[in-house]
Amino acid sequence: MSGVYVVIEDRGGRITRLSWEAVAAANILAAQSGAKANAIVIGAQTDTIAQETATKGVGKVVRIEHPLLAQYTADGFTAALEQFIRAESPDYIVFPHSYQVRDYAPALAARLGRVLIGDVTAIGEGPVFTRSLMQGRLSGQYKSSASGPCFVSVQSGAFRADSAQSAAAEIATFAPTIDAAQIRTKPGEPFRGTTQTVDLGSAPLIVAVGRGIKEADNLPLVQDLASALGAELAASRPICDNGWLPIERQVGSSGQTVAPKLYLAVGISGAIQHLVGMKGSQCIVAINKDAEAPIFEVADYGIVGDLFEVIPALTEAIKTARS
Ligand SMILES: Cc1cc2nc3c(=O)[nH]c(=O)nc-3n(C[C@H](O)[C@H](O)[C@H](O)COP(=O)(O)OP(=O)(O)OC[C@H]3O[C@@H](n4cnc5c(N)ncnc54)[C@H](O)[C@@H]3O)c2cc1C
């Protein structure tokens with residue numbers, strides 16, 4: 001392997017959590033040839049994010065800089081990365097599986113006549129990449145069969161970001177040639193959700209409620225527990241489908257993907273479509289009256305019991321411990 005690069009993404013100058021997870025994945029890949037992954041930051045003024053990235057355990061950081069990269073456009077990012085990849089010939093380019101990457105990475109791979117292995121959840125020796133198929137019912141394993149760059153994007157929550165600081169790595173600059181005429185789109189204002197929008201993806205503690213709660217009137221029970229813990233409230237799909245909680249609080253294949261330190265699943269059976277959204281959590285605690293519920297297969301701790309007895313007692317115990 002001659003090199004693994006990972007593309008860092010920022011939102012308004014802040015590097016995303018998903019980028020750090022991609023760095024962890026890229027380092028797993030690079031370690032197979034005894035190396036560290038190198039990072040790429042792209043933009044018009046990348047000094048600050050390059051310096052931050054340089055302390056996060058990467059081999060080196062390359063700043064791909066051009067005034068026309070000040071705002072994201074698929075054409076600009078594709079042109080800049082294509083030139084860099086042709087010049088450097090890395091073996092693997094790893095991306096966070098973000099909306100932005102989904103916008104331009106397939107075009108980039110196509111320009112180089114290569115494939116993009118998207119939404120990867122694990123990297124094994126070989127390297128072999130695993131990704132979920134058919135809403136998580138099956139998993140497929142993929143291997144790059146040709147030499148030349150292989151593009152890989154990693155699923156949110158699948159790799160654990162390493163928060164350790166390291167000595168600052170070397171920072172290099174690559175200046176692509178981009179002509180304004182190459183950029184066919186005019187960037188608008190970046191999309192911002194309404195102020196109520198919940199970013200469950202960056203919540204450290206989540207209490208998630210499922211159909212076991214029986215009716216909307218019982219929700220204050222779990223809301224109290226979430227408040228006592230200082231956690232965000234999330235839900236399985238039926239709760240959101242019923243309109244008991246807004247869709248932005250749904251976790252799963254058609255909701256958000258989360259990776260908190262603690263995921264407390266209350267009255268959730270553990271259907272595969274729910275599991276794919278939360279199985280990357282660091283510690284999963286499940287409360288369910290059915291000892292055979294599939295959620296217990298992914299749980300670190302399980303309480304088999306009636307949530308209407310367990311939750312008030314747990315909330316009380318947490319309040320007492322915190323007072
Ligand atoms: C295309 C598609 C996409 C989907 N996307 C999603 C998604 O993004 N997110 C998602 O969550 N689902 C999704 N689903 C739905 C998914 O298949 C399940 O139907 C759903 O996750 C089940 O939600 P649940 O666990 O809350 O309910 P149930 O499966 O009904 O489970 C309720 C659980 O509560 C327990 N329980 C009941 N009473 C009590 C009590 N008193 N105390 C303790 N435990 C109790 C029961 O034992 C049971 O295990 C999707 C389905 C499809 C087909």
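Counting convention: from 1, in listed order, for ligands and their atoms alike.
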Please assess His274 against Gln250 for the test side chain to side chain contact (heavy atoms under 4.5 Å, CB included), listing each intermediate value before the final yes or no.
-> CA-CA 9 Å; His274 188 80; Gln250 180 178 320; over 6 Å; no

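- Between the choices Lys289, Gln256, His274, Met278, the shortest heavy-atom distance to atom 44 (N) of ligand 1 belongs to Lys289.
- Residue contacts with ligand 1, taken as heavy atom pairs separated by less than 4.0 Å, involve Ala271 solely via side-chain atoms from C-beta onward.
- In this structure, the side chain of Glu65 does not engage the main chain of Thr173 through any donor-acceptor pair within 3.5 Å.
- The shortest N or O to N or O distance between Val251 and ligand 1 is below 3.5 Å.
- Every N/O-N/O distance between Phe308 and ligand 1 stays at or above 3.5 Å.
- Residue Gln273 holds the heavy atom nearest to atom 14 (N) of ligand 1 of all those in Arg211, Glu309, Gln273.
- Ligand 1 has an N or O atom lying under 3.5 Å from an N or O atom of Leu307, backbone or side chain.
- A donor and an acceptor atom, one from each side chain of Ser19 and Glu9, are nowhere located under 3.5 Å apart.
- At least one heavy atom of Ser253 sits less than 4.0 Å from an atom of ligand 1.
- Inspection of the Tyr104 and Asp75 side chains reveals no N or O donor paired with an N or O acceptor under 3.5 Å.
- Under 4.0 angstrom from ligand 1, the non-hydrogen atoms of Ser236 come from both its backbone and its side chain.
- Neither the backbone nor the side chain of Val266 comes within contact range of ligand 1; no heavy atom lies under 4.0 Å.
- Here atom 38 (N) of ligand 1 lies nearest to Lys214 when heavy atoms of Glu292, Lys214, Gln250 are compared.
- Checked by atom type and distance alone, the side chain of Thr46 never pairs as donor or acceptor with a backbone atom of Ile42 at under 3.5 Å.
- Using cut-offs of 30° and 60° for the angle between ring planes, the Phe151 and Phe95 rings count as parallel.
- Taking each of Ala234, Pro238, Ala208, Gly252 in turn, the one with a heavy atom nearest to atom 20 (C) of ligand 1 proves to be Pro238.
- Applying the 4.0 Å criterion to heavy atoms of Ser254 picks out, from ligand 1, the atoms 3 (C), 4 (C), 5 (N), 6 (C), 7 (C), 8 (O).
- Side chains of Arg211 and Ser236: a donor-acceptor N/O pair is absent below 3.5 angstrom, by distance only.
- Shown are Phe84, Tyr92, Phe174; of these, the ring pair (Phe, Tyr, Trp, His ring centres under 6.0 Å) with Tyr5 is made only by Phe84.
- At least one heavy atom of Gly305 lies less than 4.0 angstrom from ligand 1.
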